[in-house]
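Single-structure report; data block below.
Throughout, a chain's letter reflects where its sequence line sits, starting with A, and its residues are numbered from 1.
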There are 2 protein chains.
Amino acid sequence: MERIEQHASFGGRQEVWKHRSATLGCDMKFAVYLPAAALRGEACPVLYWLSGLSCTEQNFITKANAQAHAARHELIVVAPDTSPRGEGVADDPAYDLGQGAGFYLNATQAPWAPHFRMQDYVAEELPALVERHFPASDARAIAGHSMGGHGALVTALRHPGRYRSVSAFAPIVAPSQVPWGEKALAAYLGPDREAWKAWDAVELVKAPREERLPLRIDLGLADEFLDRELRPGLLEAACAAAGHPLQLHRRPGYDHSYYFVATFLGEHFEHHAHALGR
Amino acid sequence: MERIEQHASFGGRQEVWKHRSATLGCDMKFAVYLPAAALRGEACPVLYWLSGLSCTEQNFITKANAQAHAARHELIVVAPDTSPRGEGVADDPAYDLGQGAGFYLNATQAPWAPHFRMQDYVAEELPALVERHFPASDARAIAGHSMGGHGALVTALRHPGRYRSVSAFAPIVAPSQVPWGEKALAAYLGPDREAWKAWDAVELVKAPREERLPLRIDLGLADEFLDRELRPGLLEAACAAAGHPLQLHRRPGYDHSYYFVATFLGEHFEHHAHALGR
């Protein structure tokens, strides 16, 4: 594991690391913000951030001002890349399939299955690595944007007890029912829609569950993908029917961009810090 | 004048505009953040931000979280591009000369003189345009980073009474005495070093002045350009000798990046907001 970037930031340090991922079978980069308390060696809770289509580990750390909030609440923030990368890793020329578009699932179909195992990476390998190499406690939260909002919801719902809180900005809540999701799930999982249900927040909420972790979501009403790709009403209906707690905030005028994320990120950090005891 | 981007942000709106600049003889883009008060039509003071080498109007608005501070203090923030651009505008393959490297001066030498008049653009044409098209008062402040820190200091010092406050992050304070500056001033102004003095903050501070506007500067002590290009001691000595008020903050561990700018930008906004009566 090699540190390839480090910058002092809000009294802590923004770092980027590169490592060989056994799960993904390729080199991966991830960003980690260490607040001052972590630099002093104190164990801090960790917020995992999953980014959207076409992003890398860079987008969130350069555009969201997350460091100010992480410093205030003394949280470590980890932001992985959005897919396996590199030569020998399958890809597609479209921005919404292949490298940059891992959808945080474990693929079962050729040519994706050998490397596209982002769910195991973000839920297993990466937290184990973070908790071994940094002064991280085992108190975890997870959040994300767009495809990464889908990733955060699905990862939390698939791992009861693993995360203390979950939130999403403009998430894809029902990938089985929208164009981005249908394309990706068909490619990564094959045509059997029954197999898609394990990767769809709306379906996961509907199923009997031992844990009903509250879902915190913000959506911009000027989001250009709202009606076609995000369809929050599907999650509202599923949560209402299942009795799953949902806090859904609709924000008039806001679009799908990081200007929207940055505006409400402080509120999401409050949400996570509270659950993490900060 | 055409609006080419708009995003809701912290209760206000981040916009990007394109217009034909008579001063520069080319199309130019600039970013403007309008806080909620300005969207309601209330006249707000304006902070001008000048970016560094290789930047465009995008860097500051995507990386610094300026909108949070501008919203809190109800300030309009205007961020122009760093040089004239486009076909027919002289350029150089180096990142530190030509397009992206205007140095906020008025060039006198071929091939630069016809378009490279960034000082007149940022001090005259752009404020006039902003004060005509947006609900901007005539209360102005100016700030910048690196080459843009030089630009902010020089522009304020050359225009007594024009700005209520000035600040800079990691500025080039003595372009006549450092490699970036010597290269640019020789190209844009010719070999006569006497002509360079009008574009050098250290020289402008030394001269008799009707106004002694306090200079607020932050510098990172891990800045990779500190000793070779920034040389803050030259400005400290000149200010001490001339009795020019200077607040220079050295920040251990911080580098030249926007991680540094974002960390201390809130303090700079406090400084400007106070001077602007916000």
Between chain A and chain B: donor-acceptor pairs at under 3.5 Å:
| from | atom 1 | to | atom 2 | distance (Å) |
| --- | --- | --- | --- | --- |
| A/His7 | ND1 | B/Asp255 | OD2 | 2.7 |
| A/Phe10 | N | B/Tyr254 | OH | 3.4 |
| A/Phe10 | N | B/Thr263 | OG1 | 2.9 |
| A/Gly11 | N | B/Tyr254 | OH | 2.8 |
| A/Tyr254 | OH | B/Phe10 | N | 3.4 |
| A/Tyr254 | OH | B/Gly11 | N | 2.8 |
| A/Asp255 | OD2 | B/His7 | ND1 | 2.7 |
| A/Thr263 | OG1 | B/Phe10 | N | 2.9 |

**Message:** Taking side chain as everything from C-beta outward and backbone as N, CA, C, O, which of these in B/Ala68 sits under 4.5 Å from a heavy atom of chain A? Side chain, backbone, both or neither.
**Reply:** neither
**Message:** Testing the basics here: between A/Ala8 and B/Gly253, what is the closest heavy-atom pair and its distance to 0.1 Å?
**Reply:** CB-O, 3.3 Å
